Amino acid sequence: MAACIGSKWSMAVSRSLLGNLSSNNLGSLGKPQDLTSLGYNGLFFQQLRTFIQMRTKLKVVDNSGAKWVRCIQALKGRKGARLGDTIIASVQEAQPRGKVKKGEVVYGVVVRAAMQRGRCDGSEVKFDDNAVVLVNKQGEPIGTRVFGPVPHELRKKKHLKILTLAEHIA
């Protein structure tokens, strides 16, 4: 979804590869009004950031052995999961000698989400990626370390054990 147009040269090359290079478009690459007439409304298109829903791929940020998981279901019956919510996921990629194996169905707590969330003081928090910490059915983490920043909103969701394992609280 996110796309940016690098330079006038890359636009000319992409148009010549597409075969849409005519005399009126070639000489007028530098004018912004000509870019909008070609269908480019801006130089950057903003990526749509939504809830973590079914089939969302998430990075695992603990040392449980899994690298990537795919969300099967967001618990709590809403349309998706946000920071601190519990999900059911399937392990897509795992390390060879880890605690979890590829194909296992596990529970996880969302610790980083690309969708922004407002805080009480008026600020908003959002991360570059979607990340999860794997937990068991009782809500205790499977791994013994948590990598990267973890928001302090997890304290309200009663995930204190994840906060104690985290190396940085945002």
Side-chain angles (χ1 to χ4, degrees), residues 1-7 10 14 40-170:
M1 290 296 255
C4 69
I5 300 165
S7 65
S10 65
S14 66
Y40 300 107
N41 292 330
L43 292 180
F44 296 101
F45 300 102
Q46 188 174 4
Q47 182 178 5
L48 182 65
R49 299 177 184 267
T50 61
F51 290 96
I52 293 169
Q53 54 195 355
M54 187 187 302
R55 296 186 56 83
T56 301
K57 196 170 179 183
L58 298 108
K59 183 178 181 181
V60 179
V61 292
D62 61 4
N63 61 349
S64 61
K67 293 180 182 178
W68 292 95
V69 295
R70 188 176 301 272
C71 179
I72 296 174
Q73 182 182 10
L75 299 180
K76 303 290 186 197
R78 294 190 304 229
K79 61 181 176 180
R82 298 180 79 173
L83 282 176
D85 289 344
T86 304
I87 64 169
I88 300 174
S90 170
V91 177
Q92 297 293 308
E93 187 177 340
Q95 296 173 347
R97 291 172 294 278
K99 296 177 185 174
V100 295
K101 306 293 184 221
K102 181 179 177 180
E104 281 188 33
V105 176
V106 293
Y107 287 88
V109 174
V110 178
V111 294
R112 290 199 294 261
M115 182 180 176
Q116 64 185 9
R117 179 170 180 144
R119 288 187 168 171
C120 297
D121 59 356
S123 64
E124 292 180 337
V125 60
K126 71 177 176 179
F127 295 95
D128 293 335
D129 60 346
N130 296 320
V132 69
V133 171
L134 300 184
V135 295
N136 57 14
K137 289 187 177 183
Q138 289 78 28
E140 300 164 354
I142 294 174
T144 57
R145 296 177 65 195
V146 175
F147 307 110
V150 173
H152 66 82
E153 281 85 4
L154 295 180
R155 183 165 291 140
K156 292 179 185 175
K157 302 272 187 161
K158 309 292 187 216
H159 298 294
L160 295 175
K161 183 69 174 174
I162 295 174
L163 283 173
T164 58
L165 296 176
E167 60 186 25
H168 184 334
I169 298 174

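Nothing here was measured: the structure is a model prediction, and the numbers come from that model.
Taken to the nearest 0.5 Å, the NZ atom of K102 stands 8.0 Å off from the CD atom of E93. Separating the CE atom in M54 from the CD1 atom in I87 is a distance of 12.0 Å, to the nearest 0.5 Å. Note that the OG atom of S90 and the CD atom of Q73 stand 13.5 Å from one another [nearest 0.5 Å].
Here the side chains of Q95 and K67 are in contact, with some heavy-atom distance below 4.5 Å. At least one side-chain heavy atom of V125 sits under 4.5 Å from a side-chain heavy atom of L83. In this structure, the side chains of L134 and Y107 stay at 4.5 Å or more apart for every pair of heavy atoms. The shortest distance between side-chain heavy atoms of N63 and F147 falls below 4.5 Å. Within the 4.5 Å cutoff, the side chain of E140 has no heavy atoms near those of the K161 side chain. Here the side chains of N130 and V110 are not in contact, with every heavy-atom distance at 4.5 Å or above. Side-chain contact between D129 and R112 is present, with at least one heavy-atom pair separated by less than 4.5 Å.
Among residues at least two apart or in separate chains, salt bridge (Lys or Arg N to Asp or Glu O under 4.0 Å) pairs with a member in residues 143-156 are R119-E153.
Heavy atoms of other residues, nucleotides or ligands lying less than 6.0 angstrom from NZ of K99 number more than 12.
Across every non-hydrogen atom of F51 and M115, the tightest pair is N-SD, 3.7 Å. Residues G80 and A74 approach most closely at C-CB, 3.9 Å, considering heavy atoms. Residues V150 and L154 share a closest heavy-atom pair of CG1-CD1, 3.1 Å. Here the shortest heavy-atom pairing between P141 and V133 reads CB-CG1, 4.4 Å. Summarising the geometry of A66 relative to V91, their closest heavy-atom pair is CB-CG1, 3.9 Å, with the distance given to 0.1 Å. Closest heavy-atom contact between L165 and G143: CD1-O, 3.9 Å.
Listed by chain and residue number, D85 satisfy the salt bridge (Lys or Arg N to Asp or Glu O under 4.0 Å) test with K157 (two or more places apart in sequence, or in another chain).
Of the candidates V61, V111, D62, I162 forms a side-chain contact (heavy atoms from CB on, under 4.5 Å) with just one, namely V111.
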